[in-house]
Each structure stands twice: as structure tokens, then as C-alpha cells.
Amino acid sequence: MAGLMLGLFMSALDQTIISAALRTIADDLNGLSQQAWANTSYMITSVITTALYGKLSDIYGRRPLYVIAVAVFVAGSVLCGLAQSMVMLSVFRGVQGLGAGGLMSLAFAILADLLPPAERSRYQAWFGAVFGVSAVVGPVVGGFFAGLDSFAGAAGWRWAFFVNVPIGIAAVLIVLGQVRIQNDRSADKPDLAGVLTLILFLVPVLFAVEQGSKWGWGSAGTLGLFAVGAVGLVLFVTAQRRAGGAALLPTPMFRNPVFSLYNGVNTIVGAAVFGSLAVLPLYLQIVKGLSPTEAGLMLLPQTLGIIGGGRLCSAYVTRTGNFKGFMLLGIVLMMAGTFWFATFGADTALWQAGVAAGVMGLGIGQCWQVMLVAIQRGLEPQYMGAGIGSFAFFRSIGGTVGISVFFSLFFGSVGGRISDAYAGAASDPGFREALADPSVTSQPANQTLLAGRNGAVSLDDSSFLAHADARLAHPFLEGMAQAMQTVFLVSGSLLALGLILALVPKTGGRSAAKTAGSPASAPAPSPEPAVSASADRSS
């Protein structure tokens, strides 16, 4: 348990640390507008490998695959800490994702091998505690490192990645020394066709989503990438059908309508949550001017909500097997928090951000705490590993698309919103006074701001805001906030769609919950609260 928990802690901590530090990282590497790729590349590779690790562990055993996952993640962390540009960081985050894909799914699979279903809930509660602790510690530690000019000879933010090294080494040593399980091996061969066609589907689509606002959504490049992705999707589905039981996602699982529908909910909610929570740290740090540490502390209500929501529902679900009510309530609370975010402007009181984040966290804790229970209902035992993997797989699919779409939406609209805000500020006496003062307008930071009147301001480095005149900066910040409002409105609308879809399946209480081969006493852990952002995990 200690070895598995360390691996989970490393993965969860990475997501929450990066969410607090990413703005500082992006400014230092002169790539704020490119930061979506630091999350997207991580999530693309983690999505692909999540399904692959689960299947390979059925063939070659859990322990060696878990050790490989930790080792790759640590190597990627070291490379991220050495990155010299946002392009390099994005590539190395992809290496991290190659390891991250196995950390969560294999930990739960190993636990399922070690314990009978009736005993898993007590131990999975510790997994939930790991996510809770990392959610509290991560933003504070990330903000601390990001606020340091240097530490032990390297820029402070680089230690947000280097900190994974001792944790990963400890996890590997413990698992190698203590885990002696032998799961039932599958005689199937790895589904290489499934992996290749999944890459052919995901990479062009996500690249088109990321670049669509720059190229134009109707441009030949964007439409061409979407077409390649569509072909990849068709080929992936075909490959899964041909592979049968050896498939990354065995198609017989999807004959269960409850499994299929709840994975659809999982995908939609993942897009809404990861996408919106990737933008929230930008609001706190850029619009409200908080330091990375202060922004991390402002996310604590969200963390407490996640922990409280999970504790609130887990005991009841364990006792009764009824989970649907908590899942629906969780989505409603997430909608309430997200639509509240959509009202935030440059002058909104900070307490509102804290309370809205708490409401959002309460919904996340309730919804995702029981989502795995819903997904496991009706699965055959031979598909349990793949079914558990599908939880992280589809959530990551949604999160990856959500982060890409929402950052593309934000950076595609923010220039126009800033320009409109400056036009509206022309009647403000304070703005006119600052604009008429040559000693103010001659300052480099203020000249950068005023370029935004024509939508020409560069967003790759936002550090100039610390030296800008508050009167000239206010329209800029208001335009940023308005672009973020659009993101949160789209996120809330997605959650509404997820709520409608979640209302469709009929549940049958305790007996239905036990048909999954893992009873309702096996709730999923609370997810990472920020994407960083990992994204990540986000942003």
C-alpha cells in the first residue's frame, strides 16, 4: 500500500503543483499562450498509455508494468525540470504522460488482485486520502517553488518537477521489495493496431483544436486534421472489434448500455472540469494579481470540497449501494460553481472565488467518488481491468479535449475582448488621466498594455503587469476576465449536457451495484483538482 500510495501521490502532486506554477513557468519560458500544450501533450500520452498499461498488465503482470510507469514518469520529470523553452517542456511533459498513464489504473488493479471485493473499500479510502493530501499540499508547494528566484542552483519552478525524483525512487523500491502478487495472465498479444489507430485519432484532432483559432476553423489545415482524426477513429473502432478480448477497450464491455452511457458522462464531465479548472489559476494570478502561493491557497476551498464531498457520499454508498443521487447532485453543484465563475470580472471580490471553488470541489468529490462504481456495473470479471482503465481513459480523453478547446477559445477571443474593454474605458476619468500623462505612457509596461487597444498585445509573457499603471491595466484585466467568462459558460453548458445523459440509466440499488464484481464499497478516488493542468491532471 505504501508503494502504491507513493506512486499515486507523485502523479496527483505533479498535477496540483504545476497548476500553481504554470503561469510563472510560461512567463519564464516566454510562452504563456502556448501553455495549453504543456497540459495537452501530457494528457494525450497519458490517455493512450492508460488503456495500454491496463491491457499489458493483464498479459505481463502488474508489478513490472507499475515499476516501468514510475520510472518513465520520473525520467520525464527530470527532463521537464531541465526544459529551456515551452516547446521542450511540452515534449517532456509528453514523456511524463507516458508514465502517468499507468500510475492510477495499475494501482487500483494491483489492489484488486491483492484483496477480495468486500475488503477493498477500507484500503481505497487511503487512496482517496492521497489525492486529498496532494490537493492541499500541491498548490502551496507549487506556489512556493514558483515564487523562488532560485533554489539549490536552479530556478525555483524547476523543483516543481525535480521533487518527483525521490518520491518515485521510494515507490519503486517498496513495490519491488514488497509486492508479490500474481494476477491471472492473459494469453492475448498486445493490441498494437489499437494503439496506432488511437494515436491516429487523437493527435490530429487535438492539434486541430489547439490551432483552429489561429488557422481558422474552416481552413484547409484544420479541416484536413479533423478528417485524418475521423479516419483514425473509424480504424480504431474497427481494430477493437477485430482484436476481440485482446483489445485495448474490448467491445463487449460497451454492449452494456449503463457502462457506455456513464463513460459518456465521464468524458463530458472530464472536459468541463479539467478545461475550466485549467483557466481558473490564470484568473487568480493574472486578473486578480495573486502570487502563485496565494493562488494555491485560494484553491484550498476546492480541495476541502473534494474531500468533504467524497466523505459525505462514500459511507452511504458503501452501506446501500445507491450512488446515482450523489452523482447527479455532484454534477448540479459543479454547474453551480462553473456558472458562478462565469460572472467573475476584474473587480469581483476574492471571497466569491473561494466559495465558488468550494462548491465546485464539493460537486467533484461527490460525482467522481462514485463514477467508477457506476462504470463497473455489469462488467464481466475478465474485463474488470480494462473497465477500471476505461474510467481514467475516458476522463482523460474528455480532459484533454476540454483543455485544448478551452485554451483555444480563451486565447482566440481574448484579444478582441481586451480591445473592446479599452474602447469602453475611454469614458473613464482615471483612464483618460493616465493616458494623458507622458510620464505614465512612456513606461515600457504601459506601452505594452496600450498595444492592447488594437488587440496587438503579446500574451506570451504577462510579467509586465506587475509594473503597469493600475488605471491602464484595468481594461486589460477586464478583457481577460470576459474571455474567461466565455470559457466558464461553455463548461457549464457541457455539465448540463452531462447531467441530462446521467439521468438516462436506471439503477437498481444494492443488488445492481454488486453485479460489477466489485461492490459499491469500492468508490473511486477524488480526482486531481487542477490541470494543470495537469493538466494538469492541469494546468
Side-chain angles (χ1 to χ4, degrees), residues 14-43 77 79-94 96-97 138-139 141-150 154-162 210-211 213-214 274-275 277-296 299 403-404 406-412 414-415 418 445 448 452 457-468 476-477 480 483-484 487 530-539:
D14 180 77
Q15 293 289 315
T16 54
I17 281 181
I18 299 308
S19 69
L22 190 54
R23 186 258 177 124
T24 301
I25 296 171
D27 282 346
D28 191 50
L29 298 179
N30 196 35
L32 184 66
S33 64
Q34 300 172 325
Q35 66 170 302
W37 280 111
N39 289 312
T40 302
S41 61
Y42 177 94
M43 298 192 76
S77 298
L79 291 172
C80 287
L82 299 173
Q84 300 299 314
S85 69
M86 282 300 291
V87 173
M88 291 177 65
L89 179 65
S90 298
V91 172
F92 296 151
R93 286 280 282 167
Q96 263 193 315
V141 173
F144 170 76
F145 283 136
L148 295 176
D149 290 334
S150 64
W157 63 261
R158 297 184 185 277
W159 286 93
F161 297 104
F162 292 152
E210 175 65 22
Q211 298 296 319
S213 60
K214 298 178 183 178
F274 281 101
L277 294 185
V279 175
L280 183 57
L282 292 183
Y283 173 80
L284 295 174
Q285 294 185 49
I286 296 180
V287 178
K288 302 305 293 183
L290 300 184
S291 69
T293 302
E294 291 169 338
L299 294 176
I403 290 174
S404 298
F406 288 177
F407 269 120
S408 178
L409 181 63
F410 171 70
F411 284 108
V414 68
I418 291 174
T448 303
V457 66
S458 172
L459 295 176
D460 285 328
D461 185 353
S462 63
S463 60
F464 68 88
L465 288 170
H467 311 289
F476 179 91
L477 300 178
M480 295 278 285
M484 293 175 188
V487 170
V531 194
S532 328
S534 316
D536 272 239
R537 105 197 114 121
S538 6
S539 301

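Rounding to the nearest 0.5 angstrom, the gap separating the CE atom in M88 from the CG atom in L29 is 9.5 Å. Annotation: the span from Q285 atom CD to L280 atom CG amounts to 10.0 Å, rounded to 0.5 Å. Remark: F145 CZ to T24 OG1 distance equals 13.0 Å, nearest 0.5 Å. Annotation: the span from Q84 atom CD to D28 atom CG amounts to 9.0 Å, rounded to 0.5 Å. M86 contributes atom CE, which lies 8.0 Å from atom CD1 of I25 (distance to the nearest 0.5 angstrom).
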Criterion side chain to side chain contact (heavy atoms under 4.5 Å, CB included) on F476 and T448, from CA distance to verdict: CA-CA 11 Å; F476 179 91; T448 303; over 6 Å; no
Test side chain to side chain contact (heavy atoms under 4.5 Å, CB included) applied to L89 and C80, step by step: CA-CA 5 Å; L89 179 65; C80 287; 3.9 Å; yes
Derivation and outcome, side chain to side chain contact (heavy atoms under 4.5 Å, CB included), residues L477 and L465: CA-CA 9 Å; L477 300 178; L465 288 170; 4.1 Å; yes
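Of all non-hydrogen atoms in M484 and V287, the two that sit nearest each other are CE-CG2, 4.1 Å. Contact between G81 and R158 at its shortest, heavy atoms only, is O-NH1, 2.8 Å.
Residues forming a ring pair (Phe, Tyr, Trp, His ring centres under 6.0 Å) with F161 (at least two apart in sequence, or on another chain): none. Checked against side-chain contact (heavy atoms from CB on, under 4.5 Å), A468 has the following partners two or more places apart in sequence or in another chain: A445, N446, L449, A473. Shown here are the side-chain contact (heavy atoms from CB on, under 4.5 Å) partners of A483, two or more places apart in sequence or in another chain: F410, S413, V414, R417.
Note on ring orientation: taking the six-membered ring where Trp is involved, the planes of W159 and F162 are perpendicular (angle over 60°, cut-offs 30° and 60°).
A distance-only check finds a donor-acceptor pair linking the side chain of S41 to the backbone of S90 [under 3.5 Å].
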